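Atoms within each ligand, like the ligands themselves, are counted from 1 in listed order. Keep in mind that this is a model prediction, so the values were computed, not measured.
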Amino acid sequence: MAAVLAPVRTPQPSLTGRTVVVLHAHPDDEAIFTAAAMHRLAARGARVVLVTATAGELGPVLRPLRAGESLAARRRRELERACETLAVARLVLLGHRDSGMAGWDDNAHPDALAAAPTAAVARRLADLCAREGAEALVHYDPQGIYGHPDHLAVHRAGAAAAGLLGITGYEATVDRRRPRTRRPHLVDQAAGARVGWEPAGIATVVRADRDDLRAKRRAMAAHATQVPRAATRRVGFAAAYGTEWFRRIGPAAVLDELS
Ligand SMILES: [Zn+2]
């Protein structure tokens, strides 16, 4: 009688010693667009450094703030909780002001990210990536996924910084041809611009496993002032948020080793 062997899961190679810097515009973007990839990277041993460019002080307020509490302070705490969930090794806040939606006067505020000189932001990012020994920088596609002025600024600075160092740039996006699910992705509720990118231009796709999904739900739920409760219900979550998409500028790097 032949022995029956239990299926053996091939262990995935460790990513210990590898570093990725992940740049986002506002607290919550890391959870919505890249949490599965960040969680998987950390679970495999990579060092994930999250850089959040603004405090998100012009976002909605879905939960009441405490007396005297600012939205920026609350969102920082939400971000720190999300970082714990995603095992982020280091959080860096660039301290720019939220620029608000396209056309708002806030776009031109002297501290607004959208008004900051791209070269200066890129230099700061490049220095950070160099000190961290990062092999890749994650930022946004050329239309900022959905056209928000701060997201466009993240693309400009991220692309310039990756270019300065000659490291791979991964541009977070969404596949605009993806099948529509019963629960719309939050990005589909964003005002105005056409969202995402054509699939032919998307090089790297990360599909969340069960642990990644659980972490992503928790990370999104941590941003309770921004993310409606309905968006993080378990049923339907995997279909709406279980895939993350990246354009890639440069050679294949650590995100391409996640599948
Ligand atoms: Zn954002």
Next on the checklist: Just checking: Asp29, one of its N/O/S atoms, less than 2.8 Å away from the Zn ion (ligand 1), yes or no?
Outcome noted: yes
Checklist entry - Which N/O/S atom belongs to His151 and is the closest one to the Zn ion (ligand 1)? => result NE2
Item to check | Minimum-distance atom from the Zn ion (ligand 1) among N, O or S atoms of His26 | outcome: ND1
Checklist entry - Using 30° and 60° as the class limits, which term best fits the ring planes of Tyr241 and His185: parallel, tilted or perpendicular? => result tilted
Checklist entry - What distance do Glu57 atom CD and Asp106 atom CG have between them, rounded to the nearest 0.5 Å? => result 9.0 Å
Checklist entry - How are the rings of His151 and Phe33 set relative to one another: parallel (under 30°), tilted (30 to 60°) or perpendicular (over 60°)? => result perpendicular
Next on the checklist: Let me check your reading of the structure: within less than 2.8 Å of the Zn ion (ligand 1), is there an N/O/S atom from His148?
Outcome noted: no
Item to check | Note, Arg75 side chain near Gln226 side chain (heavy atom, < 4.5 Å) | outcome: yes
